[in-house]
Amino acid sequence: MSAATDLTGDNSVARARIAIVGSGFAGLGMAIRLKRARIDDFVILERAADVGGTWRDNSYPGCACDVESHLYSFSFAPNPSWSRRFAPQAEIQAYLQRCAERFAIIPHIRFGHDVTGARWDDESHEWVVQTTRGVIRASSLVLGNGPLSDPIIPALPGLAGFEGETFHSAAWRHDIDLTGRDVAVIGTGASAIQFVPHIQRRARQLHLFQRTAPWVIPRHDRPVSPTWQRAYRVLPALQRVARALIYARHELFLLLFRHPRWMKRVEDVARRGLRKWIRDPERRARMTPNYTMGCKRLLLSDEYLPAVAQPNVSVITAPLREVRADSVVDADGIAHRADVIIFGTGFRPTDPPLAPCIAGRDGRTLAEHWRGSPQAYLGTMVAGFPNLFILLGPNTGLGHSSVVFMIEAQIEQVMLVLRELARRGVSAIEPSAEAQAGFVAEVERRMRGTVWVAGHCMSWYLDRTGRNSSLWPDFTWRFRRRLQRVVRGDYVTVRSPAADVG
Ligand code: NAP
């Protein structure tokens, strides 16, 4: 029986060869690759009612990708119709919906199925995946739910007593009209710098709470003319060239992150922007970062600084003390009146919410194995967790290029490992602990001296132990080259008990 028709109702138990969690770039990319290999026995478990992942959830005004769309898209599904160099969220979401339709993925998706946990059954050699609408058993489990899918709202004293509205940027309340209201924005990360310019125009007063000043450089966004769009449609090779050039430029950016001294040149560009837009020297000083650029995610915007320079914006750099019924109070005791509080406070990628709920061969969870510092062989598989694949797993994030490239590289490794399972005639495969430790040590070596660990800042790239377990610190082509083959000695396999009986 095909899993695609199996997982139908509440509390049903279904089977599939492969279960995929999430239908964003990672989950869809995996599904499409399986289809192209003529593997149909898979199911996608999606908690929401639509595909798109982070590009479905983050619909805040101004949301757009800060990597050029020719590169931030599947290599096998170029979109000649991107309207801008950096496509807005709605276009990226529509692109993912089209991909799901075009590659016939929709029938495989079980919408409204939120995965709450999974455990490896060492008897049957299957993953037993628990969802809010029943259990599914699968030989392999692919986590495509991404590191930036669960927003965090800090536990501010008094927040529960706030009488206005509050929401997170990843769950934007489009029903709340901000026109003429007093708005407090907490955070100045990649999301906030995109929505602040949009709400500044509508708000009466915008209080921007900045804990750490971000480095912001111009994005140079511009429309793609209809002529170019037509040219890409008629001459697909032209778009491939455009993509290759963008890719090469991003690879060169890596050199800046590896040589923090070189970053100083780029810091000058950001300082020029600050001088141009933030005329008040005292405010400018408070908005000038005191760490090396790139240590936290480098932000690209043409609109943020002009918006912050407007008279209805105040930048508060004193720490947050508490929230009262109608205001947010800073550590200096100043109460900033607010009708609405918007949290641009990001996510916690180094503490993935599913990690405490996924138990491996020894019954211990990923979180128990990781103890605050996620590790995986090739950023994809974890010793003790057979047939589990983590797309955008530990040390596969990027500070300098498109993560879609990384996802595609990982998917190729997944396909090779699935083939290896069949070739060896076994039902379970996992990396050896030594191979995993070797990869982690190699990442550490490559990380050394980069701005991500030597830039003197606190960033979400760092986990609770202070290790950068988020980023791949090298060229992305090196990562892909590593994942284009299976190093057989790095994987250990287990014969299925059923095979022994048979
Ligand atoms: P973020 O980069 O983690 O930024 C969170 C912001 O909230 C930071 O300014 C942080 O200050 C502040 N903050 C967090 N907790 C706080 C607290 N308790 N009190 C005061 N301030 C607090 O989150 P994000 O902006 O949502 O972006 C997350 C990631 O999503 C990005 O790094 C990026 O990878 C991705 N993203 C990508 C795009 C894109 O265009 N491709 C767009 C948006 C987001 P500190 O800096 O002091 O921690």
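If you read the sequence from its start, that first residue is 1, and numbering goes on from there. Indexing begins at 1, ligand by ligand and atom by atom, following the structure's order.
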Engineer: Quick one: nearest non-hydrogen protein atom to atom 47 (O) of ligand 1, plus distance?
Structural biologist: Thr212 OG1, 2.4 Å
Engineer: Which of the numbered atoms in ligand 1 are below 4.0 angstrom from a heavy atom of Ile186?
Structural biologist: 20 (C), 21 (N)
Engineer: Counting each atom of ligand 1 from 1 as listed, which ones have a heavy atom of Leu148 under 4.0 Å away?
Structural biologist: 29 (C), 30 (O), 34 (O), 35 (C)
Engineer: Answer yes when Glu267 and Arg271 have at least one side-chain N-carboxylate O distance shorter than 4.0 Å, and no when they do not.
Structural biologist: yes
Engineer: Can you tell if the side chain of Trp452 reaches within under 4.5 Å of the side chain of Ser459, non-hydrogen atoms only?
Structural biologist: no
Engineer: Closest non-hydrogen protein atom to atom 4 (O) of ligand 1, residue and atom name please, with distance?
Structural biologist: Gly189 CA, 3.5 Å
Engineer: What residue and atom, counting heavy atoms only, is the protein's closest point to atom 12 (C) of ligand 1, and at what distance?
Structural biologist: Gly187 CA, 3.6 Å
Engineer: Quick one: which ligand 1 atoms are inside 4.0 Å of a heavy atom on Leu320?
Structural biologist: 19 (N), 20 (C)
Engineer: Considering only protein heavy atoms, which is closest to atom 9 (O) of ligand 1, and at what distance to one decimal place?
Structural biologist: Thr188 N, 2.9 Å
Engineer: Which option out of Met458, Lys296, Arg297, Arg219 puts a heavy atom nearest to atom 46 (O) of ligand 1?
Structural biologist: Lys296
Engineer: Check the surroundings of atom CH2 in Trp228: do more than 12 heavy atoms from other residues, nucleotides or ligands lie under 6.0 Å from it?
Structural biologist: no
Engineer: Are a donor atom and an acceptor atom from the side chains of Thr380 and Gln413 found within less than 3.5 Å of each other?
Structural biologist: no
Engineer: Taking only non-hydrogen atoms of Gly344, do any sit less than 4.0 angstrom from ligand 1?
Structural biologist: yes
Engineer: Using 4.0 Å as the upper bound for N to carboxylate O, is an ion pair formed by Glu68 and Arg249?
Structural biologist: yes
Engineer: So, for His336 and Phe209, is the gap between ring centers shorter than 6.0 Å?
Structural biologist: yes
Engineer: Regarding Arg258 and Thr450, do their side chains bring together a donor and an acceptor under 3.5 Å, going by distance alone?
Structural biologist: no
Engineer: With a 4.0 Å cut-off on heavy atoms, does Ser459 reach ligand 1?
Structural biologist: no
Engineer: Does any donor atom in the side chain of Gln89 or Asn58 lie under 3.5 Å from an acceptor atom in the other side chain?
Structural biologist: no
Engineer: Quick test of your reading of the model: are Arg56 and Asp50 salt-bridged, counting only N-O distances below 4.0 Å?
Structural biologist: no
Engineer: Looking only at the side chains, is there a donor atom on one of His369 and Gln375 sitting less than 3.5 Å from an acceptor on the other?
Structural biologist: no
Engineer: Does the residue Phe347 have a heavy-atom contact with ligand 1, meaning some pair of atoms that are separated by less than 4.0 Å?
Structural biologist: yes
Engineer: Using a 4.0 Å cut-off to any heavy atom of Ala64, which atoms of ligand 1 qualify?
Structural biologist: 39 (C), 40 (O)
Engineer: Name the closest protein heavy atom to atom 36 (N) of ligand 1, giving the residue it belongs to and the distance to 0.1 Å.
Structural biologist: Ala190 CB, 3.9 Å
Engineer: Verify whether one side chain among His113 and Glu46 offers a donor that lies under 3.5 Å from an acceptor in the other.
Structural biologist: no
Engineer: Please state which protein non-hydrogen atom is closest to atom 2 (O) of ligand 1 and give its distance, to 0.1 Å?
Structural biologist: Trp460 NE1, 3.7 Å
Engineer: Which residue owns the protein heavy atom closest to atom 38 (C) of ligand 1, what's the atom, and how far is it?
Structural biologist: Asp66 OD2, 4.2 Å
Engineer: With nothing but distance in play, are any N or O atoms of Ser191 less than 3.5 Å from an N or O of ligand 1?
Structural biologist: yes
Engineer: So, Gln194 versus Ser301: side-chain donor-acceptor pair below 3.5 Å or not?
Structural biologist: no
Engineer: Checking the N or O distance criterion of under 3.5 Å, is ligand 1 in contact with Tyr60?
Structural biologist: no
Engineer: Nearest to atom 10 (C) of ligand 1, what protein heavy atom do you find, and at what distance?
Structural biologist: Arg211 NH2, 4.2 Å
Engineer: As an exercise, identify every atom of ligand 1 less than 4.0 angstrom from a heavy atom of Gln194.
Structural biologist: 40 (O), 42 (C)
Engineer: Any atoms of ligand 1 less than 4.0 Å from a non-hydrogen atom of Gly346? List them with their elements.
Structural biologist: 3 (O), 5 (C), 23 (O), 24 (P), 26 (O)
